[in-house]
Amino acid sequence: MRTHHCNELRSSHVGETVTLIGWVNTVRDQGGVIFVDLRDREGVTQCVFRPEESPEAATASHKLRDEDVIQVVGTVAARLKTDTVDTTNDKLATGQIEVVAKQLVMVNKAEVLPFQLDKELSNEDLRMRYRYLDIRRPRMTHNLRTRHRVTKTTRDYLDEQGFCEVETPILSKSTPEGARDFLVPSRLQPGSFYALPQAPQQYKQLLMVGGLEKYFQIAKCFRDEDLRADRQPEFTQIDIEASFVEQEDIIKLVEGLIGRIFKEARGAEIPANFDRITWREAMDVYGSDKPDRRFGLNFVDLSEELKDCEFRVFSGAVAAGGVVKAINAKGFADISTGQIDKLTKLAQAAGAKGLAYIQARGDDRESWRSPFVKRMTDAEVEALRSKLNIQAGDLILFAADQWEPACDVLGRVRLECADMQNLLEGNEELNFLWVTEFPLLAFDEESGRYVAVHHPFTRPLKEDEEKLLKGELSTDLRAQAYDVVLNGTELGGGSIRIHEAPLQAAMFKALGISDETAAEEFGHILDAFRFGAPPHGGLALGLDRLVMLICNEQSIREVMAFPKNNKGSDLMSQSPAEVDPKQLRDLRIQVQKKPVAVVTAPQG
Ligand code: ASP
């Protein structure tokens with residue numbers, strides 16, 4: 001159908017007869033001569049229809065409209081360039097030549113499109129409804145091709161490292177990753193349901209018991225969650241598991257993988273090794289388990305200095321075993337009242353009673369604007385000044401509470417404050433980080449029980465193993481779990497796993513899973529661990545998020561071919577949709593149109 005693609009012809013092709021096929025990107029009529037920019041996924045080539053070359057093609061060219069698919073046969077000619085006229089275009093790779101058309105075939109006529117392809121469109125629903133048109137835009141084509149580059153590189157790299165790609169079932173059984181399952185009814189066993197995998201977690205561990213040693217999969221995962229900008233009901237993970245490994249082995253492997261991906265898909269060289277901090281340190285200094293370290297605003301602990309402060313919010317928190325922490329937003333003393341309100345609301349939404357602050361307008365404490373600074377002693381003020389390095393023009397923001405909630409609140413304030421100050425404007429840095437030693441358990445106040453921070457198959461640190469076995473539970477137990485973070489976004493996470501039935505049983509018990517439920521739900525894995533299970537561990541990277549960051553996009557929808565909208569609908573194919581009553585009958589399913597009382601599934 002073609003001899004060349006639309007970004008191939010150069011001056012060296014002048015004189016050749018060529019055939020091109022593609023979409024009409026633009027049509028211009030210049031005094032009866034029609035100029036068409038013909039586009040395919042590679043680029044654009046200008047085609048000229050001159051009556052003297054081919055009257056027939058020239059006549060037909062007058063009917064061309066944007067997005068028609070046409071085939072053009074013609075001769076490559078140099079574009080006119082003299083002392084007075086220059087029709088070449090240096091911005092275009094094919095800008096030195098044009099194809100003088102001899103023949104034009106209308107392959108497929110296009111009606112007027114519902115939106116213009118060369119303009120950004122804010123109506124995302126419209127884009128989704130005509131996604132196949134949206135994908136024609138160079139930006140989307142580029143994103144999907146980058147995604148391919150990422151998966152190809154992943155496969156190449158992991159293959160070189162001896163990893164073997166194995167597909168695991170989509171019709172599977174519930175595996176707890178902390179979200180709700182999508183269920184698929186079984187026709188052959190009415191009343192029974194498959195769960196779509198939230199992750200291939202148990203299968204990959206069972207492959208280790210199966211002796212595969214090094215597994216990976218570009219795996220589809222399904223989680224029935226409320227959708228946010230970076231969430232989709234179905235998404236893709238680069239899922240990895242290996243036997244006879246320790247945390248260090250997984251970290252090295254993944255650093256190598258990410259390095260290769262960034263090189264191949266973005267042409268970026270990144271450090272061979274990423275910094276590492278423990279979860280405790282990440283929370284303590286940045287108030288986040290996925291800290292963005294491209295800017296400062298690090299926390300300073302003032303518990304000792306303010307433990308006797310007359311301002312009860314501070315001294316009271318310390319007396320109750322909590323902490324006082326603060327950040328110095330350099331040069332932000334002129335923050336507006338509206339901005340202070342916004343930060344306060346953010347702190348309140350995160351559980352704080354309010355937000356204590358000091359606007360240090362001048363050097364002298366008298367010039368400091370703050371609801372409580374008057375109630376501080378000179379010694380306290382001096383301690384603040386030196387520990388926070390306060391200078392005229394700075395804004396100090398505080399959190400006082402138990403350690404974890406205080407860190408969490410100040411962490412959110414820190415991010416918003418950086419945003420208000422535009423601290424990341426023009427920042428091109430790629431800041432990678434490992435966060436290690438996550439807690440094994442968290443306490444869920446609502447259900448009054450412990451839940452797994454990562455998932456129930458995660459191994460405690462050696463030092464904490466005994467405690468788990470003995471049932472000495474607390475949120476201080478640490479896990480051999482690690483996350484890899486880029487610029488404040490979690491790229492992925494994993495852990496070294498439990499591979500012994502007694503330790504796994506102890507973990508289930510810690511999570512309040514009865515022996516019967518454990519046998520029913522996880523009998524296969526407990527059994528498997530009784531027949532010679534190798535020590536193993538792994539990790540999963542969120543492919544969509546990784547590609548999103550590589551493509552500098554704000555949403556994973558921009559790097560998925562056919563994503564769902566925030567109501568979980570595919571507007572193009574109109575799914576989910578009602579089904580034929582006969583299909584329901586086959587499945588012995590009755591649909592109740594009225595909402596019924598909902599029991600929330602336990603998380604964790
Ligand atoms: N299954 C985990 C997840 O989806 C990853 C892992 O532990 O390997 O987050």
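Below, each value reflects all heavy atoms present in this structure, side chains not excepted, and no hydrogens, waters or symmetry copies. Nothing fancy with the numbering, it's 1 onward along the sequence.
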Using a 4.5 Å cut-off on heavy atoms from C-beta on, say whether the side chain of [Y] contacts that of [X].
| X | Y | value |
| --- | --- | --- |
| E521 | K173 | yes |
| K290 | V435 | no |
| D292 | Y286 | no |
| T94 | R10 | yes |
| L415 | L297 | no |
| L20 | R2 | no |
| F216 | C164 | no |

Please give me the minimum heavy-atom distance between [X] and [Y], naming the atom from each residue.
| X | Y | answer |
| --- | --- | --- |
| M560 | M140 | O-CE, 4.4 Å |
| C6 | T45 | O-OG1, 2.7 Å |
| F163 | L253 | CZ-CD2, 3.5 Å |
| V559 | L144 | O-CD2, 3.9 Å |

Value rounded to 0.5 Å, distance of [atom1] in [X] from [atom2] in [Y]:
| X | Y | atom1 | atom2 | answer |
| --- | --- | --- | --- | --- |
| T458 | Y482 | OG1 | OH | 8.5 Å |
| F182 | D224 | CZ | CG | 4.0 Å |
| L543 | T154 | CG | OG1 | 7.0 Å |
| R39 | D118 | CZ | CG | 9.5 Å |
| L430 | R294 | CG | CZ | 8.5 Å |
| Q480 | L440 | CD | CG | 10.0 Å |

Salt bridge or not for [X] and [Y], using N-O below 4.0 Å?
| X | Y | value |
| --- | --- | --- |
| D284 | K325 | yes |
| D275 | R293 | yes |
| E225 | R180 | no |
| R280 | E437 | no |
| R557 | E124 | yes |
| E160 | R260 | yes |
| D125 | R129 | no |

Count the heavy atoms of every other residue, nucleotide or ligand shown that sit under 6.0 Å from [atom1] of [X], and state whether that count exceeds 12.
| X | atom1 | result |
| --- | --- | --- |
| R187 | CZ | no |
| Q402 | CD | yes |
| R147 | CZ | yes |

Side-chain H-bond candidate by donor/acceptor type, [X] with [Y], under 3.5 Å:
| X | Y | result |
| --- | --- | --- |
| Y215 | D239 | yes |
| D544 | Q232 | no |
| T168 | Q217 | yes |
| E429 | N487 | no |

I'd like to check the side chain to side chain donor-acceptor pair (under 3.5 Å) partners of R127; sequence neighbours left out, ordered by chain and number.
D134, E558
Which residues pass the side chain to side chain donor-acceptor pair (under 3.5 Å) test with R266, not counting sequence neighbours?
N552
Taking E264 for its side chain and I261 for its backbone only, find out whether a donor-acceptor pair lies under 3.5 Å.
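Side chain of E264 to backbone of I261, a donor-acceptor pair under 3.5 Å: no, none is there.
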Evaluation steps, side chain to side chain contact (heavy atoms under 4.5 Å, CB included), between L121 and R137:
CA-CA 11 Å; L121 186 70; R137 298 161 188 265; 3.7 Å; yes
Enumerate the ring-ring contact (aromatic ring centres under 6.0 Å, His included) contacts for residues 232-260, please, sequence neighbours excluded, ordered by first and then second residue.
none
Residue pairs, two or more places apart or on separate chains, that pass ring-ring contact (aromatic ring centres under 6.0 Å, His included) and touch residues 534-561
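Passing the test, one end in residues 534-561: no pairs.
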Mind checking whether [X] and [Y] have parallel, tilted or perpendicular rings, split at 30° and 60°?
| X | Y | result |
| --- | --- | --- |
| Y132 | Y130 | perpendicular |
| F522 | F508 | parallel |
| F274 | F432 | parallel |

Please walk me through it: do R136 and W23 pass side chain to side chain contact (heavy atoms under 4.5 Å, CB included)?
CA-CA 10 Å; R136 269 189 214 164; W23 288 265; 3.3 Å; yes
With F299, which residues qualify under ring-ring contact (aromatic ring centres under 6.0 Å, His included), at least two apart?
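F299 satisfies ring-ring contact (aromatic ring centres under 6.0 Å, His included) with no other residue.
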Output side-chain donor-acceptor pairs under 3.5 Å for residues 460-470, partner residues at least two apart or in another chain, one line each.
| unit_1 | atom_1 | unit_2 | atom_2 | d |
| --- | --- | --- | --- | --- |
| D464 | OD2 | R478 | N | 2.7 |
| D464 | OD2 | R478 | NE | 3.3 |
| E465 | OE1 | R459 | NH2 | 3.4 |

